[in-house]
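All of these numbers come straight from a predicted model, not from anything done at the bench.
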Amino acid sequence: MKVLIIGCGKLGFRLASTLIDEKCDITVIDNDEKVIEDVNNSLDVLSITANGLDFKVLKEIEIGSYDLVLATTTNDEANVLISSVAKKLGCRKSIARVRNSEYYNQVNFITDELGIDYIINPDKATANSIAKYLLKKYLLMSDDFADGKVRLVDFNIQSDDKFVGKKLYELSGFENLLITVILRQGKTIIPNGETVLKENDVILISGASSDIEDFDKKHSHIKKAKSVKKVMILGGGKLGLNLGYILSKEKIETTIIERDEERCLELKEKLPNCVIINGDGTNFSLLNEEMIDSFDAFVAATGIDETNLLMALSVKQGGVYKSVAKISRPNYNRVLDRIEIDGAFNAAFITANEILKFVRGRGSLRVNLMLDGEAEFTELLLQENVKVLNTPIKDLNLPNGILISALVRDGKVEIPNGDTVLEESDRIIVFCRHDQLDVLKEYFYKSEKRGGILSELRHRF
Amino acid sequence: MNYAIAFKVLGYILALEGAFMLPSLVLSGVIHDGAFSSFLGTIAILEILAVIMVRVVQEKQKISPKDGLLIVSLAWILVSIFGAIPLYITKSVPTYIDGLFEIISGFTTTGATAIPNIEIVPKSVVLWRSVTHWVGGMGILVFALSLLPKLGVGGFQMFKAESPGPVAGKIEPKMSQTAKRLYAIYMFITVILFLLLCLGGMTPFDSIVHTLGTVGTGGFSSKAISVGAYSGYYIPVVMSIFMVICGTNFSMHYLIYKGKFKDVLKDEEFRAYYIIVILAIVFISINLFKSGYGKLSKTVVDSAFQVTSIMSTSGFSNTNFDLWPSFSKFILLILFFTGSCAGSTAGGIKIIRIVVVFKMIKREIIKVVHPKAIVPIRINGKVVNDEVILGISSFIYVYLIIFVISTGIVATSGVDLISAVSSVATMLSNVGPGFSAVGPTSTFAFYAGGYKLLFCALMLLGRLEFFTLLALITPRRISEN
């Protein structure tokens, strides 16, 4: 698949690196030479220093031969224009990033009239994921698969002696659950029964939703689960606005703290049901004035990662039930597991998930990148004639980086073992390290075949 | 520095070198020229080493720009060291250093020889020497890259370090595809030339040797008097055309393949290159004709052949140009330095750098008159950024410094000045022959071992454009400050 990415900021870069793992041929256009140099030093793509709005360049690179254009410059209007023109010039699909919510509300008009296939709004997508988490009854950060039948939770075992120092097969209460992955200091480990857990490991557990809820109840160190009624959002940027909008629709009492006075007025106009406070939210006297302790949840959504993480952490230590942070760079992945916040949301990753689903097409129901971008959980619908069917899993010789963590057949959730035989139209949830993406595609997707000595050499290296 | 990954890639490179020796092994087995066991032994050593190097290291890590430089430099040194073995064992050369000189001359597409009479050397050895031209021309790592797509971005670092010219550009999004495309074009040109030479009455073996020497712009011949052994105009004309083609930036060939003739004709380097070729041919023809060289047609063909041969840094000769009048020799000497286009198989300073230098001079002149004028340097309508310009200037300084110092050292061997100057120039630009004592009818055999080692270093420096190798040998405390 040939993909053109215009504008290589945080999102563009993330998309490029994700799509490289996907074996796409990528061309990147950016008008900043420094950006292009960075791209050349870290990604195997064709890079061009040019203005994406210079349509001569699009013609020069023969845009008609491309399958997908992703317009992710900082300017919404430019993105829409580029995607529309690219489509007119013969590119098969085009996706534009539109951040301004006023435009985004007219998304149907834009897609229909201008021929753009898909509009992504990272802030809105992030706001949705945050809201989804906040609205859930339980505390552990989780992901739903197969329409909520299967759930995956992250659980930090901290120094709990029910876990630390135990081998996995010694753990009790895991009859219907599967520990899919262990995250240890930013490294991803696929465990087996003999793996020993260490202090501060984060374990990813998959299972049927009801079983996971039981687990959550037992282990989340909170006497009883409570639903979130009051939310405080730090920072009234685009994310704050989107989140405020979703939450106030759900009739949740929302307070937004924003430093800029004019922005506050604007927010109030758009979100009449939210309380808007003008002030410096990193100042605890202001937070105490607003009685931070009476809130059920806190969302740190300023533009600075460090502020977000530390504020979320401080508030969580202060006793707020759920506390999450928005981050935009993957720099702090190594410490994210160790600091006690309930979740960190990276807009670029959330958007990349959407795009991946779009790129993989039929059969791919859901993609969920891990925070370092080196692995993913993916939900698949097995189609006819894919390689994994009709053989017990243990005889498939799947590599160590791939693990089938749950299976939904006829509406029932099963935790697969070595003897399980997969069938057509099973929905499965698979964990896959990205260096094994080839294998994933070979086994689970319908695809063109490759063979011979050269491909053998390729696999060796 | 990530030595583990370097080790692994080098293992693959050695395996490849062994594979490239196979044609010689087969030839030797068929015609029984006595070199069979030497090739078999070398291939065995290479493959065993390769298997060990590839197997031992299990690490999968990314290649940084620094690793790219290290891998490229070491790869070139290693393939030279092992490539020289068959020459030495078959006694084609008297000492191992001569073998090393010969094979580095092959890989760097220099084509200077230390073998006085090539016609008594086993044919399989002659073939191996020419195969190194072909591989070295486009780059042995580029070849490896086309087979190893998993190197990803690290591949681009190696490509940058190996490919000649101030800025290396991909023609396809993925490095491995770029490498494949380049080799596909290269292969195509090779096959066409081979067929044309066969049609011209060369024996298949001589055709192969001359084809490999031409497309790699190397210059090794299977004849003692090089192309002079072939009378008539057909062979020199065909070879001239192909030397010019192979001195052209290969991305131009790619554009032609894509049907974008206009873009090719508009390219500044492409135009400058052809203008220089034509002007040089015209000047030398006039000069030769006036001095009573002979028939006009012969004068034009010989001067065209010699101009394209020197400018593309091949170094074939069909006549002893050392006997030509001084003005013609002067023009040839200039061409020693200029070389051909970036991104081709040729050596030298490269036309693009010279174009930029002239534009810099023009800018300085404008600045004298209008001190505050903003005068960006443009190539093909695009502004060249200051880093690239600085890189070009430092390239030329380094070239000159190394040129001057080496000439001084070579002069201590007792050769005359013009021999010393042309020896160094021909080595740095990977041309082959020089003037006077190292003219087209002589060889480099008479230089003592130490001088040959210096030449080896100069050839590698010239081929890898200095900085790749210099970065490797610069002491850490300088390079990291």
Q: Check the pair Glu387(B), Glu33(A) against side-chain contact (heavy atoms from CB on, under 4.5 Å), reporting the backbone distance first and the verdict last.
A: CA-CA 11 Å; Glu387(B) 257 169 67; Glu33(A) 270 178 34; over 6 Å; no
Q: Apply side-chain contact (heavy atoms from CB on, under 4.5 Å) to the pair Lys160(B) and Asn41(A), showing each step before the final yes or no.
A: CA-CA 11 Å; Lys160(B) 273 205 290 199; Asn41(A) 280 333; 3.8 Å; yes
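Side-chain contact between Asp25(A) and Gln177(B) is present, with heavy atoms from C-beta onward closer than 4.5 Å. The side-chain heavy atoms of Asn40(A) and Gln157(B), taken from C-beta on, include no pair separated by under 4.5 Å.
Remark: of the listed residues Asp44(A), Ile20(A), Ile26(A), Asp44(A) is the sole one forming a side chain to side chain contact (heavy atoms under 4.5 Å, CB included) with Lys174(B). Screening Val45(A), Thr27(A), Leu4(A) for a side chain to side chain contact (heavy atoms under 4.5 Å, CB included) with Pro173(B), the sole residue that qualifies is Thr27(A).
Residue Arg92(A) qualifies as open at atom CZ: its count of foreign heavy atoms under 6.0 Å is 12 or below.
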Would you mind writing out the side-chain donor-acceptor pairs for residues 57-65 of chain A within the sub-3.5 Å range, not counting sequence neighbours?
| residue | atom | partner | partner atom | Å |
| --- | --- | --- | --- | --- |
| Glu62(A) | OE1 | Lys258(B) | NZ | 3.3 |
| Ser65(A) | OG | Lys2(A) | NZ | 3.0 |
| Ser65(A) | OG | Glu62(A) | O | 2.8 |

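Between the NZ atom of Lys34(A) and the CG atom of Asn385(B) there is a distance of 8.5 Å, given to the nearest 0.5 Å. Atom-to-atom distance recorded for Ser47(A):OG and Phe156(B):CZ is 6.5 Å, nearest 0.5 angstrom.
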